[in-house]
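The chains referred to below are lettered A, B, ... by the order of the sequence lines, with proteins before strands, and numbering in each begins at 1. No hydrogens, no waters, no symmetry mates; every other heavy atom, side chains included, goes into these values.
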Amino acid sequence: MDLESLLNPKQLEAVYQTEGPVLILAGAGSGKTRVLTYRVAYLIEQGVNPWNIMAITFTNKAAGEMRERIDSVVGAGSESIWISTFHSSCARILRRYIDRLEEYDNNFVIYDTDDTKSVIKDVAKKLNIDTKRIKERTIMNEISSAKNELMDPELYAEYAGSDFVLSKVADCYFEYQNTLRKNNALDFDDLLMKCVELFKADSEVLAGYQDRFRYICVDEYQDTNTAQFQFVSLLAQASRNICVVGDDDQSIYKFRGANIRNILDFEQIYPEAKVIKLEQNYRSTSHILDAANAVIAHNTGRKVKNLWTDRGEGVPIVYKRLDNAWEESRYITEEIEREVSAGAEYKDFAVLYRTNAQSRSLEESMIMDGMPYRIVGGVNFYSRREIKDILAYLKTISNGRDDLACRRIINIPKRGIGQTSITKLQTYADEHGISFYEAASSREGELLLGRSASKLAPFVNIIDVLRSRNGEITLTDLFDDMMDMIKYEQYLEDLNEEDTEDRLDNIEELRNKLVTYEESAGEPTLDGFLEEVALVADIDNVGEDENRVLLMTLHSAKGLEFKHVFMAGMEDGLFPNSMTIISDNREDIEEERRLMYVGITRAMDQLTLTSAVQRMVRGETQRYPVSRFVLEIPDEYLGESDAPKRKRVSFSTDDIMSTNGKTSVFSGAGPSVKDTSISTDIMSTKPQKYRPAAYKTGTDIPKPYIMEAAAAQRKAVTASSGDSLGYIVGDRVRHTKYGEGIVLEIAPGPRDYQVTVDFDGAGRKIMYAGFAKLQKI
DNA sequence: CCTCCCAAGGTTTTT
DNA sequence: CCTTGGGAGG
């Protein structure tokens with residue numbers, strides 16, 4: 001392996017420094033993954049057993065990519081390198097040993113945010129906590145932060161002291177933890193916390209893993225929280241061979257408990273640490289990179305670094321101010337289309353935004369245009385209702401102690417078991433220290449329900465039968481048996497909602513995932529599948545081969561790169577978000593700035609920033625001035641630009657009022673913004689000269705525009721259906737599932753034509769033309 | 001027990 | 001704007 005020709009001197013240094021603590025400060029685009037890959041390869045070349053190497057990432061996607069690259073460089077033996085995310089690593093360890101901690105079984109289930117929320121809800125109710133005064137969200141966040149800081153309920157109660165709200169939260173925390181334990185469930189944060197707890201409680205287990213993981217690598221170290229820090233520290237305690245890679249300027253997960261001090265103080269914690277800075281950027285042109293450097297320079301307390309590139313200047317950055325979100329989306333769509341017709345590919349583009357809500361107008365614009373796109377994030381596949389239902393069945397089959405799952409599906413499809421019955425059963429279960437399912441399947445439970453008792457048997461029967469088959473037959477067969485028995489598809493169809501087809505597709509997709517899992521896993525088990533499913537993020541499923549424009553939040557974009565990046569919604573109040581502008585903690589706005597830095601540095605060749613004069617936020621029209629971050633980019637890197645540059649104009653109230661007369665969120669930002677001199681300057685900038693005519697009219701999104709848009713969309717649908725639907729009312733058609741039938745009606749729907757068909761066998765169905773894929777006979 | 005309708009509240013970011 | 005949850009009626 002000729003490392004010298006593959007890596008630059010700094011990168012080489014990082015590769016050769018195999019022993020002891022190492023901090024690699026890897027600037028954006030500096031070839032971090034490359035270094036990690038070759039470092040692992042080099043370790044093995046030096047005689048280290050692959051079995052003794054561990055690489056930890058945050059997302060499955062990052063882990064997958066690293067796995068792929070290491071496999072391709074290392075060859076034989078690479079499969080025994082432990083490459084995994086924090087969460088799956090902990091889950092894997094706990095699957096083996098959690099029974100050494102009290103009251104947990106190794107077949108625990110993992111609760112996602114939704115599950116957590118409903119437990120919190122129950123708990124708050126039980127403790128008579130007024131969720132109007134103390135929001136469930138607050139409770140969840142508090143508990144999560146506590147866990148990230150490794151505070152158990154006792155410690156938290158101490159910390160809460162006599163504070164009214166906090167002590168209530170502490171009560172919830174106790175009860176919440178009890179519930180989870182009873183359900184044999186762990187939430188995301190528990191995975192880490194319990195694992196650390198296990199390491200601390202059981203020196204034998206810890207020593208075992210310390211002996212195994214003699215060389216540890218941690219990626220994106222700037223985003224680690226205290227629990228993750230402890231996890232890594234404990235493992236590395238014996239060998240001290242810990243190599244962390246990160247960039248303090250890309251720390252963007254404080255809200256999730258990430259502690260930037262972990263990276264900033266690394267040298268204090270490991271005084272013998274070797275620090276290596278990777279400062280050559282291989283990704284972006286110098287216009288883009290220098291803009292990023294100029295923006296991030298406004299932050300304080302950074303590790304000094306000087307990122308440079310020899311890629312040349314490239315084209316200037318474009319900043320464009322549009323009238324509203326629609327115009328903004330259309331501009332972006334048209335720009336992409338224009339470049340595609342000039343030879344670019346759709347996958348060269350990404351549109352990044354601060355909040356998921358912004359994806360809507362972009363999506364609509366792209367649908368209208370017929371542009372292939374893909375949205376990352378938003379509603380997670382696994383949080384869709386039908387998926388959660390099916391998974392709840394699987395969980396109930398796998399782990400009889402998960403009351404939440406069981407309660408969810410005991411009356412889905414409807415079996416006439418209502419809230420009253422469920423409450424009775426749960427109370428009975430709680431009183432007798434048994435699970436909900438045990439209560440439901442017991443003779444006593446049945447008697448409890450009186451007249452409704454007979455409703456239970458069919459459900460219990462299904463679960464019992466499936467449980468007895470679990471392990472005996474393949475998972476796919478088990479799944480199919482289950483679907484047959486619960487008649488879920490029938491249930492969905494009977495609901496007759498307009499997205500039935502979508503939901504059926506999703507279930508098919510879930511089945512595909514199960515099949516894939518069963519084929520790829522060494523020893524496929526139901527538990528294993530459920531675990532894999534619980535720990536996936538949306539970003540994990542982004543395939544590189546798809547030729548589509550990617551739409552995602554700035555957070556999801558970390559670690560990715562695109563030839564041409566659009567950053568939409570560059571408005572002060574949206575990005576930086578108004579919460580952080582109002583915040584009295586200066587660090588909050590710095591975190592937003594880091595997000596800006598991450599966004600800019602995703603771009604290889606071109607960067608386009610856009611903002612809208614007005615946009616709808618939560619049903620209110622807001623008018624935000626251009627983002628201060630845009631103004632932090634020096635003029636020389638901006639080409640054609642709509643940016644109102646630092647023009648001194650007084651700050652008038654007109655500018656901070658929303659059109660409907662309600663004071664916008666932004667107005668609250670006044671006083672605190674003045675904390676920083678830079679900001680004050682920006683705030684006083686009035687986009688006067690660039691103010692479009694519509695500014696004074698006080699209308700929301702102009703009506704004619706919406707109508708125009710709707711018409712265009714209708715036209716688009718008509719065009720595609722008129723030519724390609726290939727059938728009209730009265731035609732006989734064939735459906736893959738329902739067989740043959742007659743088209744009764746074709747009605748325009750919001751996105752697609754709704755076709756009503758009277759099938760010979762299956763009766764009358766309403767479906768979307770796009771999904772049904774009907775064939776004229 | 002289920003379904004429909006209206007009011008309120010929510011959005012920052014996610015493993 | 002859009003989703004969720006609570007309350008009333010069938």
Side-chain angles (χ1 to χ4, degrees), chain A residues 56-63 84-91 110-114 116-118 121 131-132 135-137 140-141 144 147-148 186-192 220 223-225 227-228 251-258 325 352-361 376-380 382-383 385 411 413-423 449 451-452 455 495 534-540 552-558 569 573-583 588-589 591-592 594-596 598-599 615-622 660 665 700-701 706:
Chain A
I56 297 273
T57 63
F58 275 83
T59 65
N60 294 298
K61 184 175 163 63
S84 176
T85 65
F86 275 106
H87 292 272
S88 358
S89 294
C90 292
I110 298 168
Y111 275 3
D112 65 20
T113 318
D114 285 346
T116 297
K117 194 171 170 195
S118 41
K121 236 164 129 182
T131 47
K132 292 238 162 58
K135 297 249 166 29
E136 286 142 19
R137 227 252 105 85
M140 282 169 69
N141 286 341
S144 175
K147 288 181 175 179
N148 288 334
L186 299 179
D187 65 21
F188 287 140
D189 302 314
D190 279 335
L191 291 174
L192 283 152
E220 306 281 14
D223 287 326
T224 50
N225 61 35
Q228 288 158 340
S251 165
I252 53 174
Y253 283 107
K254 186 177 157 212
F255 70 94
R256 216 169 70 194
L352 312 182
Y353 36 79
R354 181 63 237 270
T355 65
N356 274 311
Q358 289 169 257
S359 66
R360 253 197 65 176
S361 61
V376 179
V379 193
N380 192 310
Y382 293 100
S383 51
R385 200 176 69 216
N411 197 32
K414 303 249 173 322
R415 300 186 177 91
I417 305 168
Q419 196 49 55
T420 346
S421 305
I422 292 178
T423 311
L449 301 191
R451 253 180 329 134
S452 311
K455 311 270 177 62
L495 283 180
L535 295 175
V536 293
D538 265 347
I539 190 73
D540 297 337
M552 68 185 108
T553 62
L554 288 154
H555 282 88
S556 310
K558 196 176 67 168
L574 189 63
F575 184 40
N577 189 273
S578 54
M579 305 288 283
T580 66
I581 300 178
I582 304 167
S583 164
D588 288 347
I589 200 109
E591 174 134 326
E592 295 279 294
R594 289 194 290 269
L595 204 47
M596 177 74 181
V598 168
R615 80 168 64 232
M616 292 284 265
V617 180
R618 292 214 293 282
E620 278 177 26
T621 306
Q622 303 284 22
N660 59 10
V665 191
D700 291 347
I701 297 174
I706 296 178

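Evaluation of the side-chain hydrogen bond (donor to acceptor under 3.5 Å, both in side chains) rule for Asp223(A) yields Lys558(A) as partners, not counting sequence neighbours. For Ser421(A), the side-chain contact (heavy atoms from CB on, under 4.5 Å) test picks out Ile417(A), Leu449(A), Ser452(A), with sequence neighbours left out. In this view, Arg385(A) and Glu497(A) satisfy the salt bridge (Lys or Arg N to Asp or Glu O under 4.0 Å) rule, not counting sequence neighbours. Legend: residues meeting side-chain contact (heavy atoms from CB on, under 4.5 Å) with Asp112(A), ordered by chain and number and at least two apart, are Asp114(A), Asp115(A), Phe188(A), Lys388(A).
On the C1' atoms, dT11(B) is 23 Å away from dG6(C), given to the nearest whole Å.
A sub-4.0 Å separation between OP1 or OP2 of dT15(B) and a side-chain N or O of Asn225(A) is absent. At dT14(B), none of the side-chain N or O atoms of Thr113(A) fall inside 4.0 Å of OP1 or OP2 (strictly under the cut-off). Checking the phosphate oxygens (OP1, OP2) of dG10(B), a side-chain nitrogen or oxygen of Lys135(A) falls inside 4.0 Å.
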Protein-nucleotides 1-8 of chain B N/O pairs closer than 3.5 Å?
residue : atom : partner   : partner atom : Å
dC1(B)  : OP1  : Gly418(A) : N            : 3.1
dC1(B)  : OP1  : Ser421(A) : OG           : 2.8
dC1(B)  : OP2  : Thr420(A) : OG1          : 2.2
dC2(B)  : OP1  : Asn411(A) : ND2          : 3.1

Produce the list of close N/O pairs, under 3.5 Å, pairing protein atoms with atoms of nucleotides 3-10 of chain C; give distances to one decimal.
residue : atom : partner   : partner atom : Å
dG5(C)  : OP1  : Lys121(A) : NZ           : 2.9

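Of the residues near DNA chain B, Val617(A) and Asp189(A), the one whose nearest nucleotide (by heavy atom distance) lies more toward the 5' end is Val617(A).
Listed nucleotides dT12(B), dT15(B), dT11(B) differ in distance to Ala357(A); the shortest reach to its side chain belongs to dT11(B). Looking at the side chain of Ser556(A), the nearest of the listed nucleotides dT14(B), dT15(B), dT11(B) is dT14(B).
Using a 30° and 60° split on the angle between ring planes, Phe255(A) and His555(A) fall in the perpendicular class, above 60°.
Using a 4.0 Å heavy-atom criterion, one finds that Lys558(A) contacts no nucleic acid atom at all. Counting any heavy atom pair closer than 4.0 Å across all strands shown, Phe255(A) reaches a base atom.
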